[in-house]
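Below is one structure, written out as structure tokens, with a few remarks after it.
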Amino acid sequence: MTRFVLGRIGFYTLVAVLLAFFTIPLLWLVTAPFTSDPTYEVSVPDFTLDNFLAVLEHPYALPSLWNSVILAAGTAVLVVVLAALAAYALSRVRLPGRDALLYALLLLSSIITGTAAMVPLFQLAVELNLIDSQLGLILILTGGLLPAAIFMLKDFMDATPKSYEESARVFGATPLQIVRHVVVPLVRPGLATIAVWAVANVWGNFLMPYLLLSDVEKQPAAVITYTLYTEGGQANLSMLSTFGLLYSIPVVLMYLFVSKKYGFRFHGGIKR
């Protein structure tokens with residue numbers, strides 16, 4: 001009995017420590033923007049809006065958030081569309097070495113990351129005149145995310161019944177109509193999974209935009225955050241905390257939307 005009580009006490013103590021470890025930074029992020037002179041400690045805010053006014057007066061803060069939205073949305077759309085078409089083709093067409101190809105793509109995308117391939121990617125962007133281009137950055141980010149997206153989405157395609165497609169084909173539906181009106185509604189949870197995953201990867205990406213976008217007016221929020229320091233190199237806590245809170249809001253809204261829509265139960269929609 002004593003061992004059981006001590007075990008429960010230790011368990012709840014560990015849970016409390018972990019909760020504090022993750023909760024305290026969030027409390028600081030929520031309270032510091034409303035504090036006149038924030039520090040690294042969590043304190044009761046005096047509920048001032050001066051920090052938000054300073055962010056609004058910053059010439060690149062809010063435009064950078066819009067740039068992040070453009071990059072994340074553009075990449076997510078391309079990844080979802082291309083991964084859906086490729087995953088459907090690989091799921092329905094029997095090709096020699098198909099599974100080996102999928103595992104090779106996943107393995108290579110895990111080993112050769114964007115950091116490892118930065119030099120050839122930068123050279124490719126130079127040759128194609130895509131330096132300082134948001135479209136070029138979107139294409140490069142899409143290429144990096146596609147292999148894993150195809151691998152994940154293929155499982156959803158494999159779980160959809162082929163009888164629905166056969167019925168649509170009998171009534172004269174074209175392959176693209178079958179994909180649009182039959183397959184896509186069945187794999188919407190999978191498409192939502194890929195979209196959220198792509199947005200999360202792009203939203204916090206710093207290295208690629210930093211190297212490929214030299215125009216500060218085109219840089220996303222992840223890069224602009226790097227500039228919110230004083231001339232002496234010290235962190236401007238009032239600006240960083242306020243901008244960090246604004247930077248987090250779109251991700252939270254995306255989480256709430258997807259959670260309400262799917263409840264994060266990303267599984268197939270039809271049982272065979």
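- The OH atom of Tyr60 sits 8.0 Å away from atom CD1 of Ile224, with the distance rounded to the nearest 0.5 Å.
- The two residues Ala76 and Ala198 make their nearest non-hydrogen contact at CA-CB, 4.0 Å.
- Between Leu186 and Val182 the shortest heavy-atom distance is CG-O, 3.2 Å.
- Between the side chain of Trp28 and the main chain of Ser43, no donor-acceptor pair closer than 3.5 Å is present.
- Atom CG in Leu56 sits 10.0 Å away from atom CG in Leu49 (nearest 0.5 Å).
- Between atom CG of residue Leu65 and atom CD1 of residue Ile70 there is a gap of 11.5 Å, rounded to the nearest 0.5 Å.
- In terms of modelled atom types and a separation under 3.5 Å, the side chain of Asn51 and the main chain of Met239 share no donor-acceptor contact.
- Side-chain N or O atoms of Thr160 include one that pairs as donor or acceptor with a backbone N or O of Met157 at under 3.5 Å.
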* Do Trp197 and Leu145 pass the side chain to side chain contact (heavy atoms under 4.5 Å, CB included) test, and can you show the C-alpha distance, the side-chain angles, and the key distance before you say yes or no? -> CA-CA 9 Å; Trp197 172 75; Leu145 297 175; 3.8 Å; yes
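- Among all heavy-atom pairs drawn from Pro220 and Ser68, the shortest one is CB-OG, 3.2 Å.
- Counting only N and O atoms by type, the side chains of Asp46 and Thr48 include no donor and acceptor under 3.5 Å apart.
- A 4.5 Å side-chain heavy-atom check between Tyr164 and Ile178 finds every atom pair outside the cut-off.
- The two residues Pro38 and Leu237 make their nearest non-hydrogen contact at O-CD1, 3.6 Å.
- In this structure a side-chain-to-backbone donor-acceptor pair under 3.5 Å is present from Thr35 to Thr31.
- Under the side-chain contact (heavy atoms from CB on, under 4.5 Å) rule, Val80 has a single partner from Thr193, Ile194, Thr75, which is Ile194.
- Between the side chain of Asn205 and the backbone N or O of Met208 there is at least one donor-acceptor pair closer than 3.5 Å.
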* Step-by-step side chain to side chain contact (heavy atoms under 4.5 Å, CB included) determination, Leu18 to Val15 -> CA-CA 5 Å; Leu18 292 176; Val15 171; 5.7 Å; no
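- Environment of OH in Tyr210: sparse, with no more than 12 heavy atoms of neighbouring residues, nucleotides or ligands closer than 6.0 Å.
- Rounding to the nearest 0.5 Å places CG of Leu135 at 9.0 Å from OG1 of Thr142.
- Using a 4.5 Å heavy-atom cutoff, the side chains of Glu165 and Tyr88 are in contact.
- Residues Leu53 and Asp50 meet the side-chain proximity criterion, which asks for heavy atoms closer than 4.5 Å.
- Side-chain polar atoms of Asn67 and Gln134 form a donor-acceptor pair below 3.5 angstrom.
- With hydrophobic clusters built from ILVMFWY side chains whose heavy atoms lie under 4.5 angstrom apart, Leu213 shares a cluster with Ile131.
- Cluster annotation: Phe243 and Val30 are assigned to distinct hydrophobic clusters (Ile/Leu/Val/Met/Phe/Trp/Tyr, side-chain heavy-atom contacts under 4.5 Å, transitive).
- Checked by atom type and distance alone, the side chain of Gln177 pairs as donor or acceptor with a backbone atom of Thr174 at under 3.5 Å.
- More than 12 heavy atoms of other residues, nucleotides or ligands lie within 6.0 Å of CG in Asp132, so this atom counts as buried by the packing criterion.
- Checked by atom type and distance alone, the side chain of Ser133 never pairs as donor or acceptor with a backbone atom of Asn129 at under 3.5 Å.
- Not one N or O on the side chain of Trp203 forms a donor-acceptor pair closer than 3.5 Å with the backbone of Ser248.
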* **Stepwise side chain to side chain contact (heavy atoms under 4.5 Å, CB included) test for Phe122 and Val119** => CA-CA 5 Å; Phe122 186 83; Val119 174; 5.9 Å; no
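- Separation of atoms CG (Asn236) and NE2 (His58) is listed at 9.0 Å; rounding is to 0.5 Å.
- For the pair Asp158 and Ser91, the tightest heavy-atom approach, listed with the atom from each and the gap, is OD1-OG, 2.5 Å.
- The cluster map of Ile, Leu, Val, Met, Phe, Trp and Tyr, joined by side-chain heavy atoms under 4.5 Å apart, puts Leu128 and Leu211 in different clusters.
- Judged purely by distance below 3.5 Å, without hydrogens or angles, the side chains of Gln219 and Tyr226 never pair a donor atom with an acceptor atom.
- Here the CG atom belonging to Leu246 is positioned 7.0 Å from the CG atom belonging to Leu62, to the nearest 0.5 angstrom.
- Across all their heavy atoms, Ile150 and Ala83 have their closest contact at CG1-CA, 3.9 Å.
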* To do: List the steps, then state whether side chain to side chain contact (heavy atoms under 4.5 Å, CB included) holds for Leu139 with Leu78.
  => CA-CA 8 Å; Leu139 294 176; Leu78 280 180; 4.0 Å; yes
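- Ring pair Phe47/Phe34 is tilted by interplanar angle, where 30° to 60° counts as tilted.
- Under a cut-off of 6.0 angstrom, the local environment of CG in Leu19 is crowded, with over 12 non-hydrogen atoms contributed by other residues, nucleotides or ligands.
- Cluster annotation: Val202 is connected to Leu191 through the hydrophobic network of ILVMFWY side chains, with a link wherever side-chain heavy atoms come within less than 4.5 Å.
- Tracing side-chain contacts under 4.5 Å through hydrophobic residues (I, L, V, M, F, W, Y), one never reaches Leu26 starting from Leu240; they form parts of separate clusters.
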